[in-house]
There are 2 protein chains.
Amino acid sequence: MARDPKQNPRGGHADLHAHAIDADAVQGRARAYAASKGIPFTQMRQRVLALLAASGKPMAAYEIAEKLSDARRVQAVQVYRALEFLQEAGCVHRLASQSSYFACDHQHGSGETVVFMVCSQCGAVQEAASNLVARGLLGVAKTSGFKPLHPIVELEGECASCNSQPAR
Amino acid sequence: MARDPKQNPRGGHADLHAHAIDADAVQGRARAYAASKGIPFTQMRQRVLALLAASGKPMAAYEIAEKLSDARRVQAVQVYRALEFLQEAGCVHRLASQSSYFACDHQHGSGETVVFMVCSQCGAVQEAASNLVARGLLGVAKTSGFKPLHPIVELEGECASCNSQPAR
DNA sequence: CTCCAGGGTGTAATATTATAACAAACGTCC
DNA sequence: GGACGTTTGTTATAATATTACACCCTGGAG
């Protein structure tokens with residue numbers, strides 16, 4: 001498990017705890033989605049997904065564009081286009097609290113609500129599905145006569161690793 | 001209950017269902033917060049809060065700046081400063097999913113999590129506190145060894161009014 | 001095979017959201 | 001009144017996101 005000391009652009013300390021996603025699995029899901037829609041899983045889409053999966057942390061769109069730039073400069077708009085596809089495919093989510101994007105481990109079921117736990121120290125994101133949260137949301141919606149479509153549940157806080165080895 | 005046909009800038013249809021907030025109550029809370037901190041509840045802060053309370057809907061910062069501009073142009077940065085104060089005071093919240101701001105009805109307790117229900121048709125926001133959601137969040141956090149600090153729970157969907165009189 | 005239609009790509013421009021920096025005005029405590 | 005801390009007004013700039021358009025593939029119809 002490589003410990004890479006590069007700086008975290010979002011203000012936390014370092015790139016500790018970043019756990020890379022299973023790139024093959026997530027790419028497989030993207031490919032399956034593309035096939036099911038009859039649209040191509042193009043190189044740009046692959047590159048963005050691969051980068052996010054390898055990073056294991058949320059990245060800003062412009063940051064992705066920069067990392068993907070080599071001889072040819074990748075423009076942000078190209079990244080946004082790829083992200084749009086990847087979000088539809090369910091392989092990438094947008095963190096509303098930070099306007100950043102990250103690759104997602106698992107298929108989400110429909111009876112549960114996914115909670116994104118964002119560590120304000122190291123920037124890592126963990127996902128967890130909660131039945132209780134889902135029921136709570138349905139409850140308040142029902143009470144208000146509100147028809148729920150898309151929940152956004154993000155929890156800012158401190159992850160286990162940062163909590164146990166504080167201040168570094 | 002006035003039905004004002006002006007256009008909703010966020011893509012929904014019209015300004016139906018907007019329920020203005022009790023401006024006096026919320027202003028009282030802001031004033032109390034200011035007093036408790038020994039800082040002034042200045043005119044700019046009042047104006048931003050009054051506008052948001054009257055609107056009863058989320059507004060973008062630049063939209064606020066525009067509405068408050070008369071002879072003198074109000075710059076966005078001034079609005080952001082006021083919003084910062086108002087958020088600290090708990091009178092205004094930021095909708096992460098839309099990067100917009102709205103005045104909030106009630107004091108929030110600490111054992112509950114507040115859910116913002118955002119209607120994708122008319123743009124109105126309702127708040128509701130949920131004990132179940134709070135417990136669900138604590139649950140997933142505990143399981144992951146995550147120390148929760150600040151939850152963001154937004155539910156996009158269709159409000160009761162839009163649901164009952166669809167398509168207009 | 002050729003042509004056409006639908007997407008995807010590359011590029012430039014622009015819109016939208018948010019913050020930084022700084023001098024001048026204000027208020028309050030002494 | 002003077003000193004300090006905050007707020008204000010203003011300009012500039014950073015960061016995030018979308019629009020527009022010409023070009024290029026690729027795959028199917030004819």
Side-chain angles (χ1 to χ4, degrees), chain A residues 7-11 30-31 33-49 52 58-89 92-102 123 152, chain B residues 8-11 30-31 33-49 52 58-89 92-102 123 152 154:
Chain A
Q7 276 309 91
N8 172 350
R10 291 218 168 260
R31 205 178 290 283
Y33 175 82
S36 81
K37 291 286 184 176
I39 58 184
F41 184 47
T42 62
Q43 200 192 2
M44 193 70 221
R45 290 166 183 172
Q46 288 179 46
R47 291 177 72 196
V48 171
L49 180 56
L52 282 176
M59 297 178 75
Y62 277 75
E63 202 183 340
I64 296 171
E66 205 161 312
K67 301 262 189 201
L68 291 184
S69 292
D70 40 32
R72 226 184 215 58
R73 173 130 205 104
V74 173
Q75 300 298 137
V77 65
Q78 303 174 264
V79 173
Y80 281 109
R81 290 197 280 232
L83 288 172
E84 185 179 4
F85 166 87
L86 294 168
Q87 286 174 90
E88 278 168 18
V92 162
H93 297 291
R94 177 176 190 270
L95 265 191
S97 55
Q98 305 186 34
S99 299
S100 63
Y101 304 82
F102 67 101
I152 298 174
Chain B
N8 171 351
R10 294 221 163 256
R31 206 178 289 283
Y33 175 81
S36 82
K37 292 285 184 176
I39 58 184
F41 184 45
T42 63
Q43 199 193 3
M44 193 70 223
R45 290 165 183 172
Q46 289 179 46
R47 290 178 70 197
V48 171
L49 180 55
L52 283 176
M59 297 178 76
Y62 277 75
E63 203 184 338
I64 296 171
E66 206 161 311
K67 300 263 189 203
L68 291 185
S69 291
D70 40 31
R72 225 185 215 57
R73 173 129 204 104
V74 173
Q75 301 297 137
V77 65
Q78 303 175 263
V79 173
Y80 280 109
R81 290 198 280 232
L83 288 172
E84 186 180 3
F85 166 87
L86 294 168
Q87 286 174 91
E88 278 167 19
V92 163
H93 297 290
R94 179 176 188 269
L95 264 192
S97 56
Q98 304 185 35
S99 299
S100 62
Y101 303 82
F102 67 101
I152 298 174
E154 298 176 15

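Per chain, numbering begins at 1; letters A, B, ... match sequence-line order. Any value given below was found using the heavy atoms of this structure, including those in side chains, with hydrogens, waters and symmetry copies removed. On a predicted model such as this, the values are computed, not experimentally measured, just so you know.
Ring geometry for B:Tyr33 versus B:Phe85: interplanar angle over 60°, hence perpendicular rather than tilted (30 to 60°).
A donor-acceptor contact shorter than 3.5 Å is absent between the side chain of B:Gln78 and the backbone of B:Met44. At least one donor-acceptor pair closer than 3.5 Å links the side chain of B:Glu154 to the backbone N or O of B:Ala96. Side chain of B:Gln87 to main chain of B:Leu83: a donor-acceptor pair is present (N/O by atom type, distance under 3.5 Å, no hydrogens or angles).
Atom CD in A:Gln75 sits roughly 14 Å away from atom C1' in C:dT14 (whole-Å rounding). Per the geometry, CG belonging to B:Leu83 stands 12 Å off C1' belonging to C:dT17, to the nearest Å. The nearest whole Å value for the distance from the CD atom in B:Glu84 to the C1' atom in D:dT8 is 14 Å. Taking atom CD of A:Gln87 as the reference point, atom C1' of D:dA17 lies 12 Å away to the nearest angstrom. Straight-line distance from the CZ atom of B:Arg47 to the C1' atom of D:dT8: 13 Å, rounded to whole Å. The OH-C1' distance, from B:Tyr80 to D:dG9, rounds to 17 Å in whole Å. If you take NZ of B:Lys37 and C1' of D:dG5, they are 17 Å apart, rounded to a whole angstrom. A:Ile64 places its CD1 atom 16 Å from the P atom of D:dA15, with the value rounded to the nearest Å.
Between D:dG9 and B:Gln78, a contact under 4.0 Å exists linking OP1 or OP2 to a side-chain N or O. For the OP1/OP2 pair of C:dT17 and a distance below 4.0 Å, the side-chain nitrogens and oxygens of B:Arg94 include no atom meeting the criterion. Contact check, A:Ser99 against C:dT17: no side-chain N or O comes under 4.0 Å of OP1 or OP2. Proximity of B:Arg73 to the phosphate of D:dG9: no side-chain N or O atom is located under 4.0 Å from OP1 or OP2.
Using a 4.0 Å heavy-atom cutoff across all strands shown, A:Phe41 reaches no nucleic acid atom at all. The residue B:Phe85 sits apart from the nucleic acid: no heavy atom pair falls under 4.0 Å.
Residue B:Tyr62 and nucleotide C:dT16 are not classified as a stacked aromatic pair, given the requirement of ring centres less than 5.5 Å apart at an interplanar angle below 30°.
Both A:Ile39 and B:Arg81 lie close to DNA chain C; mapped to their nearest nucleotides by heavy-atom distance, the more 5′-ward contact belongs to A:Ile39. Sequence order on DNA chain D of the closest nucleotides to B:Pro40 and B:Arg72 puts B:Pro40 first from the 5' end.
Few gaps surround CD on B:Glu88; more than 12 heavy atoms of other groups in view lie less than 6.0 Å from it.
Minimum atom distance to the side chain of B:Arg45 is reached by D:dT7, of the listed D:dT16, D:dT11, D:dT7. In the set C:dA18, D:dT11, D:dT8, the nucleotide with an atom closest to the side chain of B:Tyr101 is C:dA18.
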